[in-house]
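Structure record follows, encoded as structure tokens.
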Number of protein chains: 2
Amino acid sequence: MSVPPLTLSAEFRKIVEARMNQVLKGIEETFNQIIETQKITPTELKDELESLQESFNLLFQKWSLEILYTLLLKDAIGFGEIKKILTVNSRTLSDKLKMLQKHGYITRNVTAGPPLRVEYTLTSKGKNTVLLALPLLYYSSSSEVKA
Amino acid sequence: MSVPPLTLSAEFRKIVEARMNQVLKGIEETFNQIIETQKITPTELKDELESLQESFNLLFQKWSLEILYTLLLKDAIGFGEIKKILTVNSRTLSDKLKMLQKHGYITRNVTAGPPLRVEYTLTSKGKNTVLLALPLLYYSSSSEVKA
DNA sequence: TTTACTAATACAACAAGGTATACAAAGTAC
DNA sequence: GTACTTTGTATACCTTGTTGTATTAGTAAA
């Protein structure tokens, strides 16, 4: 695509990346502590991966993170607006929203006023999840450019 | 699947989660700084999402993160061993490895000795990426259990 | 030459998920 | 009753990616 960088993006990236370097250092340190004291067998590794797989599959299928990210930035938002922003199919969006709600990432609030209004908002679980995803997303997309 | 928790997992989780809380606090703070000073339009949001999409699609397709995670824990590892650990199809694995290599996440080293040996290792980009993914994975899978 | 071994490729079949298009419920305005 | 809005649902199609099975490439020992 090679979209020209937005001012928002640029500022966003700079701040997030600065923060990220601290994060990274901390995680690596922690990780090394664990690994150096334990040898891991292939079987253990396989189990370890399987235990992560469910939430992994849920989060990283198409649209999930995009939806959460949109909610993070727009706070309360309706079905139609999400649809317009992401240009996603009604059916697909409906499915994803249901799934995210079922797993506790978002909340659905109906206000039955004159124009029927359904608002989606992030739960704290959902919010934390997106926030944790940010450094990963920005890091991989920024080093994509450099590489 | 409901695999019984491994001791490794348990210890892993505890340490990673502790670290994660710090991380989360920092990210949220940073994020709020940005958002509060800028209003974001739907169009900007859409562009913002698109600029992240490429690396997003690359990383979060099936097997990518699993492979990177395996390499993180096993350091240098051969084609066959990855295949066995992940029980993944030859063709698929071959494709993914090529793609990850092309985008600078992993390195391919051939040692032409008596038994042909091809070793895959993480680049620093690859390593950083997995490390950044860890808190996200562990957070979402742990709150999956609680919810 | 044959066998053995790892790494990878070829190709057809299959399954999951996403999409387009149209339509349905719920409510108000005309 | 008819039209209009928003939020979805129904159906059937189609694309993409993954898999199974078999095959090739390269190297060395027997």
Side-chain angles (χ1 to χ4, degrees), chain A residues 1 42 46 49-50 53-71 74-103 105-121, chain B residues 1 42 46 49-50 53-68 70-71 74-103 106-121:
Chain A
M1 285 283 173
K46 196 169 170 178
L49 283 170
E50 267 170 22
Q53 209 150 32
E54 187 179 358
S55 61
F56 177 84
N57 288 338
L58 182 104
L59 267 185
F60 297 153
Q61 56 190 242
K62 204 171 178 183
W63 301 120
S64 296
L65 264 181
E66 269 111 329
I67 293 171
L68 294 182
Y69 190 55
T70 304
L71 289 182
K74 299 292 285 186
D75 223 45
I77 193 175
F79 188 91
E81 204 176 350
I82 304 179
K83 185 164 144 62
K84 201 163 61 184
I85 291 175
L86 299 178
T87 46
V88 59
N89 184 273
S90 294
R91 164 66 184 278
T92 305
L93 181 56
S94 176
D95 286 351
K96 298 296 170 186
L97 288 172
K98 236 178 289 172
M99 184 204 60
L100 288 172
Q101 188 193 353
K102 183 181 157 201
H103 287 84
Y105 290 96
I106 64 176
T107 312
R108 184 175 185 273
N109 304 88
V110 185
T111 61
L116 172 62
R117 175 94 187 145
V118 178
E119 283 192 339
Y120 292 93
T121 49
Chain B
M1 284 285 173
K46 195 169 172 179
L49 282 169
E50 266 169 22
Q53 208 150 33
E54 187 177 359
S55 62
F56 177 84
N57 288 337
L58 182 102
L59 267 186
F60 296 153
Q61 56 189 243
K62 203 172 177 183
W63 300 120
S64 295
L65 265 181
E66 269 111 327
I67 293 171
L68 294 182
T70 304
L71 289 181
K74 300 291 288 184
D75 224 48
I77 194 175
F79 186 91
E81 203 176 351
I82 304 178
K83 184 165 144 61
K84 200 162 63 184
I85 291 174
L86 301 177
T87 44
V88 57
N89 185 272
S90 296
R91 167 63 183 277
T92 305
L93 180 56
S94 177
D95 286 351
K96 298 296 171 186
L97 287 172
K98 235 177 290 173
M99 185 206 60
L100 289 172
Q101 187 193 354
K102 181 179 157 201
H103 287 83
I106 63 175
T107 312
R108 183 176 184 273
N109 303 88
V110 184
T111 60
L116 172 61
R117 175 97 188 145
V118 178
E119 282 192 340
Y120 292 93
T121 49

Check your understanding: Between atom NZ in B:Lys98 and atom P in D:dT18, what is the gap in whole Å?
Key -> 14 Å
Exercise for review: Rounded to the nearest angstrom, tell me the gap between atom CG in B:Asn109 and atom P in C:dT6.
Suggested key: 19 Å
Check your understanding: Taking atom P of D:dT15 as reference, at what distance in whole Å does atom CG of B:Asn57 sit?
Key -> 19 Å
Review point. Does B:Tyr120 have a side-chain nitrogen or oxygen under 4.0 Å from the phosphate oxygens OP1 or OP2 of C:dT6?
Key: no
Exercise for review: Figure out the CZ/C1' separation between B:Arg108 and C:dA7, and round it to whole Å.
Suggested key: 8 Å
Check your understanding: Which pair of heavy atoms, one from B:Ser64 and one from B:Met99, lies closest together, and at what distance?
Key -> OG-CE, 3.7 Å
Review point. Are any side-chain N or O atoms of B:Thr70 and backbone N or O atoms of B:Glu66, one a donor and one an acceptor, separated by less than 3.5 Å?
Key: yes
Check your understanding: Which of these, A:Val88, A:Leu97, A:Leu93, A:Asp95, sits in a side-chain contact (heavy atoms from CB on, under 4.5 Å) with A:Trp63?
Key -> A:Val88
Check your understanding: Mind checking whether B:Ile67 and B:Tyr120 have side chains closer than 4.5 Å, heavy atoms only?
Key -> no
Check your understanding: What's the CZ-C1' distance between A:Arg117 and D:dG8, to the nearest Å?
Key -> 14 Å
Exercise for review: Would you check if B:Arg108 and B:Ile106 make a side-chain contact, meaning some heavy-atom pair closer than 4.5 Å?
Suggested key: no
Review point. In whole angstroms, how far is the P atom of C:dT6 from the CG atom of B:Leu93?
Key: 15 Å
Check your understanding: Which whole-number value in Å describes the distance from A:Glu119 CD to D:dG8 P?
Key -> 12 Å
Check your understanding: When you check every protein heavy atom under 4.0 Å of nucleotides 10-20 of chain C, what one-letter string (B, S, -) results, 5' to 3'?
Key -> -B------SBB
**Study point:** For A:Leu59 against A:Leu68, the heavy-atom pair lying closest together
**Key:** CD2-CD1, 4.0 Å
Point to revise | Integer-rounded Å distance: D:dT7 P and A:Lys83 NZ | key: 11 Å
